[in-house]
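So that the names make sense, note that chain A is the first sequence line, chain B the second, and so on, each numbered from 1.
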Amino acid sequence: MDIRVAGISKDFGASPALRDVSLEIKAGELVALLGPSGSGKTTLLRVIAGLERPASGHVYFGATDATRLSVQERQVGFVFQHYALFKHMTVAENVGYGLRVRPRDRRPSRAAIRQRVAELLDLVQLGGLGGRYPAQLSGGQRQRVALARALAVEPRVLLLDEPFGALDAKVRKDLRRWLRELHGRTGHTTIFVTHDQDEALELADRVAILNNGRLEQIGTPDQVYDAPASAFVMSFVGDTTSLPAIVDGGRVRLGGLSLDVDVAASKDGPAQLYLRPADVVLTPGDCGGGLAGTVAGIRRTVAGRRAELTLDATGTRVEIEVPPQQALSVGDRAAVHIVRGTLFEDRA
Amino acid sequence: MVDAAFERRSGSAAGVADATTERRTTRVAATLVAVAFLAFFLLLPLAVVFVEAFRKGVDVYLAAFGEPDAQAAIRLTLLVAAIAVPLNLVFGVAASWAIAKFEFAGKSFLITLIDLPFSVSPVVSGLVYVLLFGAQGLLGPWLLEHDIRIVFAVPGIVLATVFVTFPFVARELIPLMQEQGNSDEEAAMTLGAGGLRAFLTVTLPNVRWALLYGVLLCNARAMGEFGAVSVVSGHIRGLTNTMPLHVEILYNEYNFVAAFAVASLLALLALLTLVGKSILEWRFGDAISGRTAH
Amino acid sequence: MNNTAIAPTPAEGWRWKQPSVIPGFGIAFGYTIVYLSLVVLLPLGALVLRASEVGLSGLVAVAFEPRVFAALRVSFGVSAVAAVVASIFGLLVAWVLTRYDFPGRKFVDAMVDLPFALPTAVAGIALAALYAPNGWVGAPLAALGIKVAYTPLGIFVALVFIGLPFTVRTVQPLIADLDRELEEAAATLGASRAQALRQVLLPPLAPAVLTGLALAFARAVGEYGSVIFIAGNLPFVSEIAPLLIVIKLSEFDYTGATVIATIMLALAFVMLFAINLLQAWSRRRFGHG
């Protein structure tokens, strides 16, 4: 089912939690709400679920305006950050709960509920564990019970709040892949909240990035990474360094250099040049060209090595990826050649 | 606390039910029933004490305390509390030190034994001392021979009071000290403090509010105990009558105003205890309960 | 338990006490045991000794003396009803105090402990005055033909008063700790508020309610001061077991007193044991006390 959020605003006391957020999610899509803590991403998820009421704006499920519908009426599947499993019920009772509480005329028979629970437990690979209590399960298993319970009500949309937040790194990675596969099989419209950019980029069809209660950008992982709509998106998704620069008549001037960067979008005046580690090339020695500086540190990363260079002109530090074989030590002189860069107006 | 947030949260958009609280009408109705029930069962009896005490005016009220017997009862009550509370205070500290700071087999059984006096009827608490020290008791003949009076005398009253107030300090301290663990003491000792010094400068300050809390409850019960003391006292006016026993005697003599006057003093003690307890809970709640936020 | 004492290696075998760098165990433990023995165990031992002289058959014989039996029945019966009523209202009071905000909430919360703080004799004469046929509550009830004071109903009123704080205080921390996500989860699954309360929120509170009920019951059975003034103390009707102990003592019938006390003590042990079992079960099942 399509989900449309239109002009949602919400305050908690004096501080605004959501400011005029609008976005559309197509049926069957898997969308990540990404942002730092306090960005409003969880609040937005809860507004969609009906757990919070917005101060203004509307939530549409397909063509119907769901804004005034209660949580119970919205028929969403919500997986809570800490799973919120009912400790006094078995796994099977937990999964079947949403079916058992239906009014009599819409409630499936006991046998049908049992059957549906068994199917769901198989789907989340917990077949045979229906008789256990949540306290007897591992974290990853509890997560999957929570998911099965949310799926049992045949939700119009599946909402997950930091679904992997409480798990350790290894389990997280496995579950991430598994959730992707599960989504491929069931095709539920799914929205999940995360503060982890890797998780968002790897899992989602589209990523919505929130900051300070505003929607900064929504797009495919490629779009948000390669064509960030704002300085915030640029710096939040992936590693970046920024350098103060000046745009002047179609050219970018930085520390006495004139750079060949696309400035089509920028007005003349002070700006920030954002660089990814792969956007720059490092040349050892004091030979001319580029921005000269001194190597301040070298760190090993999983992929290669990363050098930190203090630029003579601005005193700023730039991170640059260097090939592992390149000889380089702290205190060496080197120069930076900027291959690509993204300009945003100086916000200061 | 969290509850205020619940109420505020639910105050938002009208019409749609909040997922985490009851409907407003339900809330109001439940609150009214609960408060009415408490007012009826708790406040009314309290109010009656003071109303009956002042029924014949302030002069008659005050006259009740001019009686030598009343004054003797007040003195005895203070004396008994002054002996029983420090005894159980020292015990509570020793027991919680042994139980919370060390691991040994049979610990939970020991805790159960310490809690035991709470589960024993006050009357039985008095009875056991009569069976031990009474004229027909186990040690009775020996005591008689040496002319030592325990039952129907002040020592018996003190013993029975110590028995019924036995767990109060210990049960406040044990959970708190278990929660706090040993790391503070161990840190003090790595810094060169001896065991006693670590106890005085680290442990005691950590538990001081809980200690005070326990003492407060212990004292209230020590001054107010009736059943146990009644069995061992022998009700000798002016000699072995505590305030609660004096209340009983006056009441049974149909001297209601005097009975309620002395009772009002005890009720005042109860109210002061509640005030002190509440202040400790509001200001030092975390330092008392040993429940860390999670 | 976050005790950091170094655990013995398995090779060292079983030890009664784990070694620790913290001093003072000997003196603290020794003092605890000696004081506990002198004040609690020795006197209770005297009771057990006395009871063992009577023997089981003597115990049964006394227990089934009509007057003793009637007193035990009154004590246990009225206590059970009073504990149930106190627990039902205790649960409601705990919920209201923890979940709702209203003017005077802190005051009401503090008042709940009044029965713990108020000397029982004071409560006793106050209740007697209140429910006497000419009292504030007794008079209107008498007009309706209901007699409270000097009947088992009076005992019931006193025992509800005494039992009230127990369930409130055992349940309150659990209600405060209830995870808000649980209620939201129930709601997203389509449960109405009533269903969420009944099926999701209240069941985890059951062990604490039962613990409070057991504590209130144990206290009620042994209660003396607050009951005797309002009960009327009519043998076979409104005479409670603790009072009968006092009467037997005043008649120098130490054996009779001992037997009744032993029966009540045995019950106290059973209750204590049941509470411990209940809490252990609840910890295993729900991961909290």
Please assess B:V35 against C:F102 for the test side chain to side chain contact (heavy atoms under 4.5 Å, CB included), listing each intermediate value before the final yes or no. CA-CA 10 Å; B:V35 171; C:F102 54 93; 3.9 Å; yes
Step by step, would you call B:F37 with C:V160 a side chain to side chain contact (heavy atoms under 4.5 Å, CB included)? CA-CA 11 Å; B:F37 181 81; C:V160 169; 4.1 Å; yes
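Neither the backbone nor the side chain of C:I175 comes within contact range of chain B; no heavy atoms are under 4.5 Å apart. Only the side chain of C:L197 comes within less than 4.5 Å of a heavy atom of chain B; its backbone N, CA, C and O stay farther away. Of the atoms belonging to C:A123, not a single heavy atom falls under 4.5 Å from chain B. Heavy atoms closer than 4.5 Å to chain C are found in both the backbone and the side chain of B:E248. The contact between C:Y131 and chain B is made entirely by side chain atoms (from C-beta outward), counting heavy-atom distances below 4.5 Å.
Centroid-to-centroid, the aromatic rings of B:F102 and C:F29 stay 6.0 Å apart or farther.
Taking each heavy atom of C:L118 and B:A267 in turn, the nearest pair found is CD1-CA, 3.7 Å. Taking both residues in full, the closest heavy atoms of B:P122 and C:G222 are given as CD-O, 3.3 Å, listed atom of the first, atom of the second, then distance.
Proximity of B:E22 to C:W95: side-chain heavy atoms (C-beta onward) are separated by under 4.5 Å at one or more points.
With chain B as the partner, the residue from C:V108, C:T120, C:L36 showing the most heavy-atom pairs under 4.5 Å is C:L36.
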